[in-house]
Chemist: 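Starting off with a structure, shown below.
In what follows, chains are A, B, ... by sequence order, proteins preceding strands, each numbered from 1.
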Amino acid sequence: MRLSHAFIPTLKETPAEAQIASHRLMLRAGLVRQTSAGIYAWLPLGLRVLRNIERIVREEQDAAGAQEILMPTIQPAELWKESGRYEDYGKEMLRIRDRHDRDMLYGPTNEEMVTDLFRQSVRSYKELPQILYHIQWKFRDEVRPRFGVMRGREFLMKDAYSFDIDHGGAVASYRKMMLAYMRTFQRMGLKAIPMEADTGPIGGDLSHEFIILAPTGESQVYYDAAFEEIDYLSGDSFSHEKPDDLVRFFEVMTGHYAATDEKHDTARWDQVVADRKREGRGIEVGHIFYFGTKYTKSMGATVAGPDGRQVHPEMGSYGVGVSRLVGAVIEASHDDNGIIWPDSIAPFKAAILNLKVGDAGCDALCERLYAALGGNALYDDRTDRAGAKFADADLMGHPWQIIVGPRGAAAGTVELKRRATGERVEVTPEEALTRIGS
RNA sequence: CGGAGCGUAGCGCAGUCUGGUAGCGCAUCAGUCUGGGGGACUGGGGGUCGUGGGUUCGAAUCCCGCCGCUCCGACCA
């Protein structure tokens with residue numbers, strides 16, 4: 001993409017409404033624009049990040065054996081009346097009425113709808129387990145939306161739902177999803193810690209939330225630094241496929257101390273080795289629940305068991321705040337100059353900074369690099385001064401900057417800057433491309 | 001939902017107390033000079049002062065209603 005014609009409206013000054021770093025930077029770098037309280041339009045740069053996060057979430061869900069579907073945003077009230085949540089959910093649910101006066105709602109979550117899909121089609125225990133997920137916009141009419149996309153009313157969520165024939169199966173699905181989550185967050189460069197949580201309005205008796213540390217987090221958290229050393233991705237870590245691995249994995253996850261304020265246990269906390277104690281503010285980026293037959297019973301979903309009797313499958317649900325993660329990653333990774341994207345979700349791998357547009361050498365070299373990098377590069381071909389380009393590139397946070405100036409162009413070199421470290425090296429264009437890993 | 005604040009040009013703000021028909025910086029447009037960390041100069045464009053009503057000869061300014069946004073707290077992917 002050529003910056004001169006891209007819809008990436010960067011801001012030199014911070015809009016007054018933005019209080020926290022991620023919100024400020026998302027507005028300044030031109031990722032989003034607010035359309036009303038807690039509701040945002042995603043602009044090209046922001047959308048690319050959102051899609052990248054979505055892609056990682058999707059890959060890890062697929063790897064864990066979950067199957068992607070897509071349920072609608074608008075749901076009929078009847079399903080929620082069946083489960084009893086139509087009354088329980090309160091004002092956070094946006095209730096609407098269609099032209100025939102039918103009660104509808106904009107889905108805040110999808111347990112009812114997925115249970116309905118399931119009961120229509122699954123008849124036998126032999127078809128279990130099933131894990132279904134979708135990545136869809138949700139609406140929760142929060143009393144007080146804030147922190148930009150981190151606490152919006154409309155937000156993109158990956159929600160998955162597992163169906164198992166018995167408690168043991170449900171627990172296995174729960175662990176499988178937990179592992180998928182740890183892998184997902186690690187791939188985004190986040191250290192997420194699973195913490196025991198209350199089950200809230202979804203109900204049930206086993207629940208973990210996944211929290212990343214950031215000064216602007218909404219809750220106080222405590223955990224054992226042992227979590228920081230665990231690698232979920234390398235070949236010899238844990239496998240979804242091996243039941244033993246999942247048991248071992250879950251033991252590790254629940255073996256170290258980790259708790260939010262509400263669940264904090266000072267007696268257990270005191271037992272954590274002093275130099276491994278970590279505490280601070282945390283942002284919730286995911287939440288998983290096991291709730292058994294809460295919905296299969298209330299909504300009459302059954303399958304035939306091995307003995308021929310009808311049984312209510314055991315369910316769990318698993319949410320990742322996809323749009324929230326965009327803000328959360330920025331909270332975890334930025335400096336005074338702007339965003340520092342992890343390579344895995346950066347909107348572009350590299351920015352090409354043409355410091356002297358119009359100089360034949362600079363133009364030719366930049367075009368060559370741009371052609372080689374294709375869609376992975378944002379080419380700053382604006383006629384602005386160098387300083388403005390540096391500032392915008394730092395603000396937008398591309399992992400690499402290829403700086404092309406007239407002196408270098410004449411000598412056949414470019415400067416390669418790594419955003420995260422600020423390190424710059426003078427290399428040949430080919431070497432730059434190799435290092436970026438195009 | 002309790003408490004507080006703010007709406008004036010695309011963004012950041014002054015002007016409101018003490019009424020006289022709108023200003024600054026940035027951005028933008030044209031031009032000249034410049035050219036490696038948001039450059040300088042000259043000239044230009046852009047505002048029903050959130051909205052409806054009231055008071056007044058006259059309202060951004062005073063009074064009332066409404067709408068929107070933000071912050072603190074309680075609640076949440």
Chemist: Does A/Arg281 reach the main-chain N or O of A/Glu218 with its side chain, forming a donor-acceptor pair under 3.5 Å?
Modeler: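 Yes, the answer is positive, given that a donor and an acceptor are paired below the 3.5 Å cut-off.
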Chemist: Give the rounded distance in Å between these two atoms: CZ of A/Arg407 and P of B/rG35.
Modeler: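 Spelled out: CZ on A/Arg407 to P on B/rG35 is 12 Å.
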Chemist: Please report the C-alpha distance between A/Arg407 and A/Asp359 in whole Å, then the side-chain angles of each, then the deciding distance to 0.1 Å, and finally whether the salt bridge (Lys or Arg N to Asp or Glu O under 4.0 Å) criterion is met.
Modeler: CA-CA 11 Å; A/Arg407 286 194 298 275; A/Asp359 175 278; over 6 Å; no
Chemist: With nearest nucleotide decided by heavy atoms, which residue, A/Gly38 or A/Val404, maps closer to the 5′ end of RNA chain B?
Modeler: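 Its nucleotide being nearer the 5' end, the pick is A/Val404.
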Chemist: Checking contacts here: which listed nucleotide (B/rU70, B/rG39, B/rC11) is nearest the side-chain heavy atoms of A/Glu13?
Modeler: B/rC11
Chemist: With a 3.5 Å cut-off and just heavy-atom distances, do the side chain of A/Asp394 and the base of B/rG37 make a donor-acceptor pair?
Modeler: yes
Chemist: Looking at B/rA27, B/rC1, B/rC76, which one has an atom nearest to any side-chain atom of A/Arg324?
Modeler: B/rC76
Chemist: Remember a base hit wins even if backbone is also touched, and classify A/Gln19 as base, sugar-phosphate or nothing at under 4.0 Å, heavy atoms.
Modeler: sugar-phosphate
Chemist: Considering only the P atoms, how many Å lie between B/rC76 and B/rC6, rounded to the nearest integer?
Modeler: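 Here B/rC76 and B/rC6 have their P atoms 31 Å from each other.
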Chemist: Expressed in whole Å, how much space separates the C1' atoms belonging to B/rG47 and B/rG7?
Modeler: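 Here B/rG47 and B/rG7 have their C1' atoms 14 Å from each other.
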Chemist: Ignoring hydrogens and angles, state whether a donor on the side chain of A/His134 or A/Tyr161 is under 3.5 Å from an acceptor on the partner side chain.
Modeler: no
Chemist: Just the rounded figure in Å: distance from P of B/rG37 to CG of A/Asp336.
Modeler: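 To the nearest whole Å, that distance equals 19 Å.
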Chemist: Between B/rC76 atom P and A/Glu92 atom CD, what is the distance in whole Å?
Modeler: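 Going from A/Glu92 (CD) to B/rC76 (P), I get 8 Å.
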Chemist: At under 4.0 Å between heavy atoms, what does A/Gly152 touch on the DNA or RNA strands: base, sugar-phosphate, or nothing?
Modeler: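 The answer is base, as A/Gly152 lies within the cut-off (heavy atoms under 4.0 Å) of a base atom.
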Chemist: Look at the side chain of A/Arg144 and decide which nucleotide, out of B/rC11, B/rU70, B/rG73, has an atom nearest to it.
Modeler: B/rG73
Chemist: If I take atom CD in residue A/Glu218 and atom P in nucleotide B/rC71, what distance separates them, rounded to the nearest angstrom?
Modeler: 11 Å
Chemist: What nucleotide, of B/rG36, B/rA27, B/rC75, holds the atom closest to the side chain of A/Arg146?
Modeler: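 Nearest to the side-chain atoms of A/Arg146, counting from C-beta on, is B/rC75.
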Chemist: Taking the C1' atom of each, how far is B/rU8 from B/rG46, in whole Å?
Modeler: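 To the nearest whole Å, 14 Å.
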Chemist: Can you measure A/Asp384 atom CG to B/rC26 atom P for me and round it to whole angstrom units?
Modeler: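 It works out to 15 Å between those atoms.
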Chemist: As a test of understanding, state which of A/Arg418, A/Arg419, A/His398 forms a side-chain contact (heavy atoms from CB on, under 4.5 Å) with A/Ile340.
Modeler: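 Single pass found, and it is A/Arg419.
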Chemist: Does A/Lys356 place a side-chain N or O at less than 4.0 Å from the phosphate oxygens OP1/OP2 of B/rG35?
Modeler: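 For B/rG35, OP1/OP2 do not have a side-chain N/O of A/Lys356 under 4.0 Å.
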Chemist: Atom NZ of A/Lys91 to atom C1' of B/rC76: distance rounded to whole Å?
Modeler: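 Spelled out: NZ on A/Lys91 to C1' on B/rC76 is 16 Å.
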Chemist: Could you measure between the two P atoms, the one in B/rG43 and the one in B/rG37, and give it in whole Å?
Modeler: 29 Å
Chemist: At 4.0 Å (heavy atoms only), tell me whether A/Thr383 reaches a base, stays on the sugar-phosphate, or touches nothing.
Modeler: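 Base, at least one base atom sits under 4.0 Å.
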Chemist: Could you please name the option among B/rC11, B/rG36, B/rC75 that lies closest to any side-chain atom of A/Leu355?
Modeler: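 Comparing B/rC11, B/rG36, B/rC75 against the side chain of A/Leu355, the answer is B/rG36.
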Chemist: I'd like the C1' distance from B/rC67 over to B/rG52, given in whole Å.
Modeler: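 It comes out at 10 Å once rounded to the nearest Å.
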Chemist: Quantified in whole Å, what is the C1' atom distance between nucleotide B/rG5 and nucleotide B/rA9?
Modeler: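 The answer is 23 Å between these two C1' atoms.
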Chemist: B/rG68 phosphate, OP1 or OP2: any side-chain N/O from A/Gln34 under 4.0 angstrom?
Modeler: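 Checking B/rG68 against A/Gln34, no side-chain N or O comes under 4.0 Å of OP1 or OP2.
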Chemist: Have a look at A/Arg28 and say if it touches a base, only the backbone sugar-phosphate, or nothing, with a 4.0 Å heavy-atom cut-off.
Modeler: base
Chemist: Toward the 5' end of RNA chain B, which comes first, A/Gly321 or A/Lys389, by nearest nucleotide?
Modeler: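 Residue closer to the 5' terminus by nearest nucleotide: A/Lys389.
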Chemist: Distance check, C1' atoms only: B/rC71 and B/rU61, in whole angstrom units.
Modeler: 26 Å
Chemist: Starting the side chain at C-beta, find the nucleotide from B/rG38, B/rG37, B/rC69 nearest to A/Ala388.
Modeler: B/rG38
Chemist: Partner lookup for B/rU51, please. Criteria are Watson-Crick or G-U wobble with both distances under 3.5 angstrom; report none if nothing qualifies.
Modeler: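 Across any shown strand, B/rU51 pairs with B/rG65.
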Chemist: Need the pair for B/rC33. Rule: Watson-Crick or G-U wobble, both distances under 3.5 Å, any strand; none if unpaired.
Modeler: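 WC or wobble partner is B/rG39.
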Chemist: Across all strands, who's sitting opposite B/rU70 as a Watson-Crick or G-U wobble pair, both distances under 3.5 Å?
Modeler: B/rA4
Chemist: What integer distance in Å separates A/Ile8:CD1 from B/rA27:P?
Modeler: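 So the CD1-P distance, A/Ile8 to B/rA27, works out to 19 Å.
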Chemist: Provide the Watson-Crick or G-U wobble partner of B/rC75, both distances under 3.5 Å; none if there is no partner.
Modeler: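 The base-pairing partner of B/rC75, which may sit in any strand shown, does not exist here.
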Chemist: Do the side chains of A/Asp141 and A/Arg153 get close enough for a salt bridge, i.e. N-O under 4.0 angstrom?
Modeler: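 Answer for the salt bridge query: yes.
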Chemist: Is A/Arg24 reaching over with its side chain to a backbone N or O of A/Pro15, donor-acceptor style, under 3.5 angstrom?
Modeler: no
Chemist: Rounding to the closest angstrom, what is the interatomic distance between B/rC13 and B/rG54 at atom P?
Modeler: 33 Å
Chemist: Does A/Ser36 reach a base, just sugar-phosphate, or nothing at all? Heavy atoms under 4.0 Å.
Modeler: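 A/Ser36: backbone/sugar contact only, no base atoms under 4.0 Å.
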Chemist: When we call it a touch if two heavy atoms are under 4.0 Å apart, what does A/Ala37 touch: a base, just sugar-phosphate, or nothing?
Modeler: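 Sugar-phosphate, no base atom in range.
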Chemist: Does A/Arg385 make a side-chain donor-acceptor contact with the base of B/rG35, cut-off 3.5 Å?
Modeler: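 Not at all, since no donor on one side and acceptor on the other fall under 3.5 Å apart.
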Chemist: Now, which nucleotide makes the Watson-Crick or G-U wobble pair with B/rA60, with each of the two distances under 3.5 Å?
Modeler: none
Chemist: Given that both distances must come in under 3.5 Å, which nucleotide forms a Watson-Crick or G-U wobble pair with B/rG46?
Modeler: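 Because no pair has both required distances under 3.5 Å, B/rG46 counts as unpaired.
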Chemist: Given that both distances must come in under 3.5 Å, which nucleotide forms a Watson-Crick or G-U wobble pair with B/rG23?
Modeler: B/rC13
Chemist: Provide, to the nearest angstrom, the distance between the CZ atom belonging to A/Arg151 and the P atom belonging to B/rG73.
Modeler: 12 Å
Chemist: Are side-chain N/O atoms of A/Gln34 and A/Tyr40 paired as donor and acceptor at under 3.5 Å?
Modeler: yes
Chemist: Taking atom types as modelled, is there a side-chain donor on A/Gln67 or A/Asp62 under 3.5 Å from an acceptor on the other?
Modeler: no
